[in-house]
Amino acid sequence: MKTYDFNQIDRKWQKYWAENQTFKAENNSDKPKYYVLDMFPYPSGAGLHVGHPLGYIASDIYARYKRHKGYNVLHPMGYDSFGLPAEQYAIQTGQHPAVTTEQNIKRYREQMDKIGFSFDWSREIRTSDPKYYKWTQWIFLQLFNSYYDKDKNQARPVSELIKVFETEGNINVHAASDKDTPVFSAAEWQNFSPQKKDEILHKYRITYLADAEVNWCPALGTVLANDEVVNGVSERGGHPVVRKKMRQWMMRITAYAERLLQDLDKLDWPESLKEMQRNWIGKSVGASIWFDIDGTDKKFEVFTTRADTLFGATFMVMAPEHELVDKITTDEYRDQVKAYQEKAARKSERERMTDSKEKTGQFTGAYAINPVNNAKIPIWISDYVLAGYGTGAIMAVPAGDQRDYEFAKQFDIPIINIFEGNDISEKANENKDAVLINSDFLNGLPAKEAIPKMIKKLEETGVGKAEINYRLRDAVFSRQRYWGEPFPIYYKNGMATAIPEKHLPVELPEVEKYLPTEDGQPPLGNAKIWAWDEANEKIVSTDLIDNETVFPMELNTMPGWAGSSWYFNRYMDPHNDQAPFGKEAIEYWRKVDLYLGGSEHATGHLLYSRFWQKFLFDTGYVPEPEYSVKLINQGMILGNSAFVYRINGTNKFVSYELKNDYDTTPIHVDVNMVDDYDYLDTEKFKAWRPDFADADFILKDGKYKVGREVEKMSKSKYNVVNPDDIVEQYGADTLRMYEMFLGPIEIAKPWNTAGLKGVHNFLRKFWTLFHQDGIFDVSLEEPTEQELKILHKTIKKVTEDIENFSFNTAVSQFMIAVNELQKLKTNKRKILSPLVVLLSPFAPHLAEELWDELGHEGQSISFEPYPQYEERYLKESTKIYPVMFNGKMRHKLDLPANMGKDEIEQTVLADEKVKSLLEGKQLIKVIVVPGKIVNLVVK
RNA sequence: GCCUCGGUGGCGGAAUUGGUAGACGCGCUGGAUUCAAAAUCCAGUUCUGGCAACAGAGUGUGGGUUCGAUUCCCACCCGAGGUACCA
């Protein structure tokens, strides 16, 4: 080989690794285990862009490094292959989502293979594969058959709960359940109808059916997420959206709120990510207080974190949807209350959040009685109180809460000042150190002391108790979609009933259309073979539903996060068809040692998967309550968009420097038509789109310069850079090292190709160290002390950098080493050979090639031990000490490196130059930092 | 508003527990090589002044602790991400 032929080297070694299954991990080994995981991708039609592999490269470097270090490394990859884009494509074209998905996966795989990852492809999984979702359905059934026992603090079988109901009712049951769960005795339970029993059990199940309020779009026939609704209409199509209660599958994640919060402290995750989860869970400690309603036998509960301010409560506010509103409203106010409720119902949740500037509300005519002083307090409704948080009602203390203050001002409600030295003419006092007044037995106390005192009083008189509230809500688990896991559920006499486990997987049925049915049913309503024959235990035609033993199947499918909430465990034993994973496999691998992925999953995947893991831990299926103790976020790689400037109303385009002289509109232009100096290839531009074919240009110095802007990389912005092109032009190793060199992995950064050449040069120089005039030429001579120093310094620094995931500085270190060795014209085997191993996690193709040339045919470098540095080569014989006076450098001194602190001090003070500098000054003290500095403090 | 993270040359970015700020790369300048260019190699490159030695300033701003601060403390400004009538 005459030159560094990276394309040939890439192909050769990628083939070799595939054929030899070099990176296949075994489930038993004498070596210690290490599990490196990337968040698996959704295979979209657009293919990979240069941003996707960033995390995969980092994890691959670490995985390869750990293999060198003697670990049995599990480094798998797969696809989160259920999802919306494939379904939408199916709606447009009639192409089955499975076909599209298969094509996309093939493309992803080809692209990933070109980068030379050390994935164990024998363990590949796909969430849309029935062999995989069989076990997603299985886990769903375990959740369905469990409830959360608050005494034992773990999930328990529903069958045990039923036994308790049969013997003592639910009076002593302390379990996570819906708020409206009735209290009943054993005798009552026995007399309930099967439907009633079923309904009650749903209030306890960890996955359960409930009427949840959703954004329903009648025109689209589907439920939309909050961010798909803009100004009360759907983001796509602009159809009206209404709030509607629908029967949905829910996940009782709230049962795990406290454990999800507590265990965050055990995790070595980025602080920002943990903080996001903490906020999302939103724990607040306070009290609930019962208020009687004047002149009735009704009462209602409020939650507050400031029980101490009860004497300052001058009105009560209920959410417009509060169930008591209709019952307590007096005739006088009925019409106005009704009108307000209707107005509030029309607003989407998002609107209610945004129009928060001005408070609106309506008095109900009813009054509550303050339990501590029997004061009559008017009850209002307002949408600033949310039905879904706490009890949906609050006690309003305008002196101590800014929102209550604004409301009181708006409606001229009196404000009682309850804080000493407080000015209530402008705003409320939210300072917790303020001392209470006008508060009877709490006068003179700050919140910290007053809160427990008040709660004690409330508990004694039986009108309140200490309480903890969480912002976290139970998660909606149904989707009105086709391309997702079907539920293994059928409806017998209206009761959701599990299909026996032995019949899993319940495979997704074929449908003619992927749209909702005409009567508003989800797409599975179009399926012909979608009914459960209980007698014969199989899925049959829906035509047979009138038959006594044939029942309709669930028409919803599971959401995208179902399959991704446990996939990390499946990799441990991906082909098991008896269990989601074998006991032996999970006991061996236990958990992910290093997890890499984006922070956008903080309150989605990363929370749901922790929840499922804890459930599986409770039920004894997994040995760890947290599946990933160490997590690193990789930052996004942003696109560097290019713009041309069209003069309005013409087909003329003006160069960036001149654009301010005209009235122009910027237009995205494909970055692949722009060179490194931001000049546009005008011919390519004309050929790009028909409407630009006759474009005119106003040039500057004969060239057209584009404008630049950093944005998210996306097809629609024409700023996507395909990794294949970089690999083609510079080789996989250059791409790998360059992406690492770009900056720390956690940071978001724009893609620019400016530095590619530098990294590529490094690899060429490295190759050149082994070759004279293109011919392999490595000497067996003993290395010099200087060469050994370079080697060992590099080993030390690079190893430390890898351990700290500081891959950008590791790459720099390699560059330094190569520059130094190039200057010495080193071609000694004893230096170069360890460097090859050291480099191999970063540039595996080149490393394997050189390793082969060094004479290790047939032995993959991948399992060679990583070189270790030796301290003795790092010691320097002399060290230059800066001699500083009052922190300013005045002199440099060459001293032996191994000199002790006192010795350095004496030698420095004896130095002639130092003596002359000290002349006429008073020496106060001498600071010696061995190996670093000598600082003389003088006056 | 609140929470988290950050602010260092023309650019991306380095700097162990406070100890010579600007590693490495890009770009730029000069030189070598070449008929010429590309490529490669060598030297220089924080700013200001100076031919230079050198001097002064310098890590968002202002203050503080210290012999010494990019690093620690206080206040503020700016940016990114998250979150929001959460009672």
Side-chain angles (χ1 to χ4, degrees), chain A residues 270-280 282-284 286-287 302-307 309 317 352-359 382-386 388-397 400-404 406-407 430 469-473 599-600 602-603 633 635-636 676-677 737-738 741-744 746-762 764-765 768 797 800 804 806 808-819 822-823 880-889 892 924-939:
Chain A
E271 197 47 48
S272 59
L273 208 129
K274 290 206 266 184
E275 201 57 31
M276 267 189 245
Q277 290 209 345
R278 279 188 200 110
N279 290 339
W280 194 258
K283 180 179 183 174
S284 43
V302 304
F303 173 76
T304 177
T305 53
R306 293 293 303 272
T309 62
V317 188
R352 277 171 69 161
M353 291 167 189
T354 41
D355 329 331
S356 60
K357 305 275 178 296
E358 202 174 308
K359 297 279 180 291
S382 172
D383 62 8
Y384 87 89
V385 172
L386 306 175
Y389 183 75
T391 62
I394 60 155
M395 63 177 210
V397 183
D401 183 289
Q402 188 56 29
R403 294 157 301 176
D404 299 345
E406 284 161 15
F407 193 88
E430 293 183 332
N469 241 305
Y470 300 91
R471 198 185 80 101
L472 186 70
R473 319 269 180 89
S599 61
E600 65 270 22
T603 54
N633 281 140
M636 233 186 304
D676 287 350
Y677 302 97
M737 291 195 89
Y738 182 60
F741 184 65
L742 225 40
E746 320 82 66
I747 305 280
K749 51 216 162 248
W751 176 261
N752 81 23
T753 46
L756 260 171
K757 232 170 48 184
V759 172
H760 188 64
N761 268 347
F762 155 75
R764 288 200 9 238
K765 283 186 201 169
T768 308
K797 188 70 176 32
E800 284 169 0
N804 296 325
S806 178
N808 54 332
T809 51
V811 175
S812 295
Q813 200 57 41
F814 277 119
M815 292 177 172
I816 295 168
V818 161
N819 283 340
Q822 195 183 16
K823 267 177 202 150
I880 294 170
Y881 280 81
V883 180
M884 311 174 85
F885 290 80
N886 288 349
K888 295 222 169 181
M889 189 171 65
K892 280 182 186 173
I924 296 171
K925 68 175 154 177
V926 183
I927 294 146
V928 178
V929 182
K932 295 268 183 192
I933 60 150
V934 183
N935 191 8
L936 309 172
V937 182
V938 294
K939 205 162 75 180

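Reminder, nothing fancy here: chain letters follow the sequence lines and each chain counts from 1.
Between G13(B) and A23(B), the distance separating the two C1' atoms is 10 Å to the nearest Å. Taking atom C1' on both G10(B) and U45(B), the two are 11 Å apart, rounded to the nearest angstrom. Between U65(B) and C11(B), the two C1' atoms lie 36 Å apart (nearest whole Å). A gap of 30 Å separates the P atoms of G64(B) and C47(B), to the nearest Å. Separation of the P atoms belonging to C76(B) and G30(B) is 49 Å when rounded to the nearest angstrom. Separating the C1' atom of C3(B) from that of A55(B) is a span of 47 Å, rounded to the nearest Å. Taking atom C1' on both nucleotides, G18(B) is separated from C73(B) by 13 Å, rounded to a whole Å. Across the P atoms, U66(B) and C77(B) are found 28 Å apart, a figure rounded to whole Å.
Every residue two or more places apart in sequence or in another chain that forms a side chain to side chain contact (heavy atoms under 4.5 Å, CB included) with Q822(A) is listed here: K765(A), N819(A). By the side chain to side chain contact (heavy atoms under 4.5 Å, CB included) test, E275(A) is found to be paired with E271(A), R278(A), N279(A), residues two or more places apart in sequence or in another chain being considered. For E600(A), there are no salt bridge (Lys or Arg N to Asp or Glu O under 4.0 Å) partners two or more places apart in sequence or in a different chain. Looking at residues two or more places apart in sequence or on another chain, you find a side chain to side chain contact (heavy atoms under 4.5 Å, CB included) between R403(A) and K359(A), Y384(A), D401(A). Applying the side chain to side chain contact (heavy atoms under 4.5 Å, CB included) criterion to T305(A), with sequence neighbours excluded, gives S284(A), F303(A). In this view, K283(A) and E258(A) satisfy the side chain to side chain donor-acceptor pair (under 3.5 Å) rule, not counting sequence neighbours. With sequence neighbours excluded, the residues forming a salt bridge (Lys or Arg N to Asp or Glu O under 4.0 Å) with K797(A) are D801(A), listed by chain and number. Checked against side chain to side chain donor-acceptor pair (under 3.5 Å), Y738(A) has the following partners two or more places apart in sequence or in another chain: N752(A).
Summarising the geometry of A396(A) relative to D404(A), their closest heavy-atom pair is CA-OD2, 3.2 Å, with the distance given to 0.1 Å. Of all heavy-atom pairs between P882(A) and I933(A), the closest is CG-CG2, 3.6 Å. When all heavy atoms are compared, the tightest approach of N633(A) to P270(A) is OD1-CG, 3.4 Å.
The phosphate of A87(B) has neither OP1 nor OP2 within less than 4.0 Å of any side-chain N or O from Y384(A). Close to A84(B), at under 4.0 Å from its OP1 or OP2, lies a side-chain N or O of R471(A).
Across the protein-nucleic acid pair, D404(A) atom CG and A87(B) atom P stand 12 Å apart, rounded to whole Å. Straight-line distance from the CD atom of E746(A) to the C1' atom of A80(B): 14 Å, rounded to whole Å. Atom OH of Y738(A) and atom P of C24(B) are 18 Å apart (whole Å). Atom CD in Q277(A) sits roughly 14 Å away from atom C1' in U83(B) (whole-Å rounding). What separates CE of M737(A) from C1' of C26(B) is a distance of 16 Å, to the nearest Å. Taking atom CE of M276(A) as the reference point, atom P of G82(B) lies 7 Å away to the nearest angstrom. In this structure, the CZ atom of F407(A) is 14 Å from the C1' atom of A87(B), given to the nearest Å. Rounded to whole Å, atom C1' of C42(B) lies 9 Å from atom NZ of K823(A).
For K749(A) (side chain) and I747(A) (main-chain N/O), a donor-acceptor pair under 3.5 Å exists by modelled atom type. At distances below 3.5 Å, at least one donor-acceptor pair connects side-chain atoms of N886(A) with backbone N or O atoms of V938(A).
Nearest-nucleotide assignment on RNA chain B puts the 5′-proximal partner with M815(A), out of M815(A) and S284(A). Nearest-nucleotide positions on RNA chain B place V937(A) closer to the 5' end than the other of G282(A) and V937(A).
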| request: Sugar-phosphate atoms are those with a prime plus P, OP1 and OP2; base atoms are the rest. Using that split, label each nucleotide of nucleotides 8-22 of chain B B, S or - for protein heavy atoms under 4.0 Å, 5' to 3'. | output: ----BSS-B--BB--

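Classified by its glycosidic torsion, G9(B) falls in the syn category, the angle being within 90° of 0.
Counting non-hydrogen atoms under 4.0 angstrom, N886(A) reaches the backbone sugars and phosphates but no base.
The shortest distance between side-chain heavy atoms of V397(A) and R306(A) does not fall below 4.5 Å.
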Distances under 3.5 Å between protein N/O atoms and the N/O atoms of nucleotides 37-40 of chain B, please, pair by pair.
unit_1	atom_1	unit_2	atom_2	d
U40(B)	OP1	N761(A)	OD1	2.9
U40(B)	OP1	N761(A)	ND2	3.2

Polar pairs (N or O, both sides) under 3.5 Å between protein and nucleotides 3-5 of chain B?
unit_1	atom_1	unit_2	atom_2	d
C3(B)	O2'	E275(A)	OE2	3.2

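No side-chain donor-acceptor contact under 3.5 Å links S812(A) and T809(A).
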| request: Walk me through it: do F885(A) and N935(A) pass the test side-chain contact (heavy atoms from CB on, under 4.5 Å)? | output: CA-CA 6 Å; F885(A) 290 80; N935(A) 191 8; 5.6 Å; no

| query | What dot-bracket string describes RNA chain B from 5' to 3', counting Watson-Crick and G-U wobble pairs whose defining distances are under 3.5 Å, with [ ] for crossing pairs and | for pairs to another strand? | reply | (((((((..(((......[....)))((((((.......))))))((((....))))..(((((..]....))))))))))))....

